[in-house]
Amino acid sequence: MKPALRHPPLFKKEPPMQDTALTASKAVSLPWSRRLLRMAFPYLLIAPTLILVFIFTLYPAANAVIDSLYSIPRSAREAPVFVGLGNYADLFTPDHFIGATFTLVIGNTLFFAVTSVLFSVPLSLGFALLLNQRMPLLGVWRFGIFYPALLPLIGAASIWAFLFSDTVGLINTVLRSLGGTTVNWLGDPNLVLISVTIVNIWKQAGYYMIFYLAGLQNIPRELYEAAALDGAHGWGMFSSITLPLLRRTSLFVLVVNFIFAFQTVEQLQALGQGNPGDRGTLLLYLIFKTIPERRNWGYVNAMTVILVLLLLTFTIANFFLFERGREDADA
Amino acid sequence: MRTSRLFVLIASLALLTVLSLSAAAQSEPIVIDFYYPSAIGDNVATIMDRYVAQFEEANPGIDINPVYAGSYTQTRDTIQTELNGGGAGPDVAVMLSTDLLSFIEEGHILPVQSYIDAGDDPAAWVGDFFPALLLNSYDADGALWSVPFQRSTPILYYNADMLAEAGYAEAPKNRDELLEIAQALTLPNGERWGLLVPFAGGFPIWMFQSFAIASGRNIVGDTFTDVYLSDPAVVSAAEFSRALGTEYGVGPVGGSVWGDTPTAFIAGQAAMIYHTTGSLTRILNEAPFQVGVGYLPSGPAGADGTGYGAPTGGGNLYIFNPVGQERSQEELDAAWQWVTFLSSPEVQADWGAATGYVAARVSAWDLDPLKSLAAEKPQYGVARDQLAFASREFTSYRAIDTQNIINTTLSAIISGAEPDAAAALASAQEQIDALLAEYK
C-alpha cells in the first residue's frame with residue numbers, strides 16, 4: 001500500500017523528471033493563442049497596478065520633468081519657451097523672488113523633518129514601552145495616544161489653531177490665569193515653525209507607537225527570560241535586546257517620518273499660512289502657494305522634481321536599509 | 001400580419017422618440033453654470049438659492065446651475081483646473097475683484113463693456129455704482145470687465161461701552177487719538193487689547209493698505225505696473241503697523257489672526273478692531289455691548305475728515321468665454337442677464353441687508369430692506385459713507401506673485417522678523433520691479 005501512496009496518479013501522467021527538449025516540443029505543440037496567453041499572463045496580473053501607476057505617477061512625473069525646463073509666456077495663446085535648467089537656477093538664486101523663498105523653505109523643511117524625527121521617534125517608543133505593559137484601562141490609554149492619528153489633518157490643525165491663538169486661545173488663557181506670560185505661538189517668527197512641529201509630533205507619535213507596539217510584541221518572551229537568568233535587567237535588557245530587535249521598526253518609522261515631513265500642507269493652511277515672513281512655510285506648501293499663478297508653472301514643476309528626487313532618495317534608502325535588513329534578520 | 005403589426009409598433013415607437021427628442025431640443029433651456037465661493041448649505045448659499053429661484057421664475061428660458069465650490073482660492077483653483085484640462089468651466093462666477101488681470105491674460109473672461117454700451121443709458125447704469133467699487137473692474141484701456149457684487153471694505157469697530165467708561169465719547173478720528181484710546185484700554189499680559197489689527201496669517205496686505213493710504217500713499221497706483229513699496233509714506237506705515245505690537249503694546253506682536261479678531265472683540269478681549277464690513281451683521285447680533293462703527297482713523301498728518309482711507313475688497317461678477325471654449329451668443333446673453341439681475345438695486349438691497357456686504361448700487365440704499373435697516377442701525381451706513389475715501393485694492397500683473405511677495409515681506413516686518421522695514425520693502429520692490437519689467 002505504501003508504495004502506491006508514494007506514487008499518486010498525477011506523477012504517472014507527468015513525471016517530475018523530464019527531458020527539457022520534450023517540454024519544449026510540448027510547449028511548441030500548444031496552440032499559439034494558449035502560448036500567447038501563457039506569456040502574457042504575468043503581465044495581465046500586474047497590469048491594473050501598472051496602468052494606475054503609469055497614469056497617476058509615472059506619466060505626471062515625466063511630464064513634470066519636461067515642463068520644468070520651460071517658461072510660460074505672458075499670453076495663454078503663446079507656446080511655452082524652452083529655458084533648459086533656468087528654472088532650477090532661479091530657485092537657487094537668493095535675489096530672485098522665487099529663489100529667496102525657496103532656499104529659506106528648504107531650510108525650514110529640513111529643520112521640520114529632523115526635529116520631528118528627533119522627538120517623535122523616542123516619544124513613540126516610550127509610549128509603546130509604557131503601553132506594552134499590563135495596566136488597568138490599557139485599551140483606553142492606547143486609543144488615547146493613537147487618536148490624533150485618526151483625526152483628519154485639517155481638523156486637528158484647526159483645534160491647534162484655537163489652542164495656539166494669541167488672544168482667545170486655550171493655552172494662553174490658562175497661562176494668563178496662572179499668572180504666567182503668554183506666548184505668541186503662531187505670530188512669533190522664531191516660534192511658528194516650532195509650533196507647527198509640535199502639532200506634527202503630537203499627530204504622528206501615536207501612529208508610530210502602533211508600529212513599535214507590534215515590534216515589541218514580536219520579540220520572543222524567552223529572550224528576556226534567558227537574559228534574566230543571566231542576571232540582566234532594566235537598561236541592560238532594553239539596550240541589548242529590545243533596541244536591537246526593534247532596529248527594523250525604527251528604520252521604517254524614521255523613513256516614513258521623513259517622507260511625511262516633506263508632504264506637509266494641510267496643517268500650515270490652518271496654522272499661520274506659512275507666515276510670518278515664510279518662516280513657517282514648508283516645501284509642498286510653497287508649491288501650493290505658487291501654483292495659482294500660471295506663469296510660475298516652470299518653477300512649480302522644478303520644485304516638484306526636486307521634491308520627488310528627495311523623496312526618492314529616502315525611498316531608496318528605505319529599500320536598502322529596511323528590505324536588506326530583513327534579509328539579514330531572516331538569514 | 002404579425003410582422004406588419006410589429007413593424008407598426010416599432011415605427012410608431014421610433015416616431016415618438018424622435019418627436020419627443022426634437023420637442024425637448026426646442027424647449028431645452030439655456031443652462032448657466034454659476035460658480036460661487038461658498039460652502040454648500042452655508043447661510044450665504046441659502047440666500048443665493050433664493051435668488052436663483054427668483055431669476056428662473058422670471059426667465060423661463062434660462063436655468064441657473066449654482067456650484068458652491070468653497071473659498072475664493074478653492075473656487076479659483078477649480079476654475080483653473082477645469083479650463084486647463086480642456087473643461088468648460090463656469091459661465092458666470094463670483095471671484096475676487098483682484099483676479100481681473102490674470103483672467104484677462106489667461107483669456108478666460110469676456111468684457112461686459114459692450115453689453116453696457118448696448119443698454120438704455122450706459123452712463124446712468126455705471127454711475128449708479130459707487131465709483132470706488134469700480135476701481136478694480138477696468139483694464140488698462142478703460143474697458144469694464146467685471147461687475148461689483150459682494151463688496152466690502154475694512155472699518156473700525158469699537159466697544160462703545162468700554163470707551164465711554166474710560167471717558168471717550170467718540171471713535172478715534174486720527175492716529176494720535178487711536179493710539180491714546182488703545183493704550184488707555186489695554187490691560188497687561190494680553191488680558192485685553194486696546195486695538196486688534198488682523199495682520200497675522202497669509203494676507204496682511206489688505207489691512208496694511210489702510211495704513212498706507214492713511215499715511216498718504218496707496219501701495220498701488222493707477223496702472224497695473226505701479227507698485228509703491230519703498231515710498232517713505234509706505235515705510236512709515238509699516239513701521240507704525242509693527243509698533244502697535246512691539247512698541248505701544250496695544251495688540252499682539254505681528255497682529256491678530258483674521259478669524260480670532262471678531263471673536264475676541266465680541267468676548268470683550270479687545271476694545272477696538274479693524275475688520276471687514278462683512279463681519280458687521282455677526283458682530284451686531286452677538287456682541288453683548290453697544291457696538292460703535294467708525295471710519296478707519298486718518299494718518300498722523302491729517303486733521304479730522306482728511307487722510308481717511310481704506311482699500312475696497314470682495315468679489316465681482318465675471319462672465320466666462322474661455323479661449324477654445326467659446327460660448328454661443330445666446331449663452332453669453334443669458335449670462336449677462338443673470339449678472340444684471342444679481343447686481344440690480346433690488347438684489348443688492350436684499351443682499352447687503354442679509355450679509356453686511358456694502359450694497360454696490362447707490363439706488364439700493366433707497367430700497368427696503370436695506371433702507372429701513374440702515375435707518376434702524378446707522379452702523380450699516382458707515383462703510384457706505386467711507387467709500388468716498390476708498391481706493392483701489394492692490395492688484396498688478398502677476399498679482400499672485402506680487403501679493404505673495406508683499407504679504408511675506410509685510411508679515412516679516414510687522415512680526416519683527418525683519419527689523420529694517422525700509423530695506424525689506426526696498427528689496428520687495430526690487431523683486432516686483434523685476435517681475436513687472438516685461439509689462440512696462
With side-chain hydrogen bond (donor to acceptor under 3.5 Å, both in side chains) as the test, would you mind laying out the steps for B/Ser396 and B/Thr402 before giving the verdict?
CA-CA 7 Å; B/Ser396 72; B/Thr402 52; 2.9 Å; yes
Would you call the rings of B/His108 and B/Phe103 parallel, tilted or perpendicular, taking 30° and 60° as the class edges?
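B/His108 vs B/Phe103 ring planes: tilted.
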I'd like to know if the side chain of [X] reaches the main chain of [Y], judged simply by a donor and an acceptor atom lying under 3.5 Å from each other, with no hydrogens or angles considered.
X	Y	answer
B/Glu393	B/Trp206	no
B/Asn321	B/Arg327	yes
B/Ser411	B/Thr408	yes
B/Gln74	B/Ser71	yes
B/Tyr318	B/Ser97	yes
A/Asp67	A/Asn301	no
B/Arg242	B/Ala412	no
B/Thr186	B/Gly194	yes
B/Asp420	B/Ala423	yes
B/Gln429	B/Val227	yes

Pull out the residues in [range] that come under 4.5 Å of chain B, heavy atom to heavy atom, sorted by number.
range	result
residues 85-103 of chain A	A/Asp95, A/His96, A/Phe97, A/Ala100
residues 272-293 of chain A	A/Gly272, A/Gln273, A/Asn275, A/Pro276, A/Gly277, A/Asp278, A/Arg279, A/Lys289, A/Pro292, A/Glu293
residues 155-162 of chain A	none
residues 175-187 of chain A	A/Arg176, A/Gly180, A/Thr181, A/Thr182, A/Asn184, A/Gly187

Verify the neighbour count for atom CD of B/Glu191: are there more than 12 heavy atoms of other residues, nucleotides or ligands below 6.0 Å?
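Count not over threshold, so no.
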Give a yes or no on whether A/Phe119 atom CZ has more than 12 heavy-atom contacts from other residues, nucleotides or ligands under 6.0 Å away.
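No, the 6.0 Å shell around CZ holds no more than 12 heavy atoms from other groups.
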Is it the backbone or the side chain of [X] that comes under 4.5 Å from a heavy atom of chain A, or both, or neither?
X	answer
B/Glu438	both
B/Arg76	side chain
B/Ala424	neither
B/Asn404	side chain
B/Ile104	neither
B/Ala200	neither
B/Val323	side chain
B/Phe199	neither

Option in [options] with maximal non-hydrogen atom pairs under 4.5 Å from chain A:
options	answer
B/Asn407, B/Ile413, B/Asp260	B/Asp260
B/Gly416, B/Ala270, B/Ala434, B/Ser415	B/Ser415
B/Ile432, B/Asp401, B/Leu410, B/Thr261	B/Asp401

Donor on one side chain, acceptor on other, A/Thr197 and A/Thr115, under 3.5 Å
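Looking only at side-chain atoms, A/Thr115 and A/Thr197 do not form any donor-acceptor pair under 3.5 Å.
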No-hydrogen, no-angle side-chain donor-acceptor test under 3.5 Å, B/Gln80 and B/Glu106
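Yes.
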Residue of the set B/Leu196, B/Leu195, B/Val197 for which side chain to side chain contact (heavy atoms under 4.5 Å, CB included) holds with B/Trp193
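The single option meeting the side chain to side chain contact (heavy atoms under 4.5 Å, CB included) with B/Trp193 is B/Leu196.
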B/Phe265 ring center near B/Phe289 ring center (under 6.0 Å):
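Yes: the rings meet the under 6.0 Å criterion.
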If the test is ring pair (Phe, Tyr, Trp, His ring centres under 6.0 Å), which one of B/Tyr157, B/Trp258, B/Tyr158 qualifies with B/His275?
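Single pass found, and it is B/Trp258.
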Does any non-hydrogen side-chain atom of [Y] lie less than 4.5 Å from one of [X]?
X	Y	result
B/Phe211	B/Phe240	yes
A/Tyr70	A/Val81	no
A/Val196	A/Asn200	no

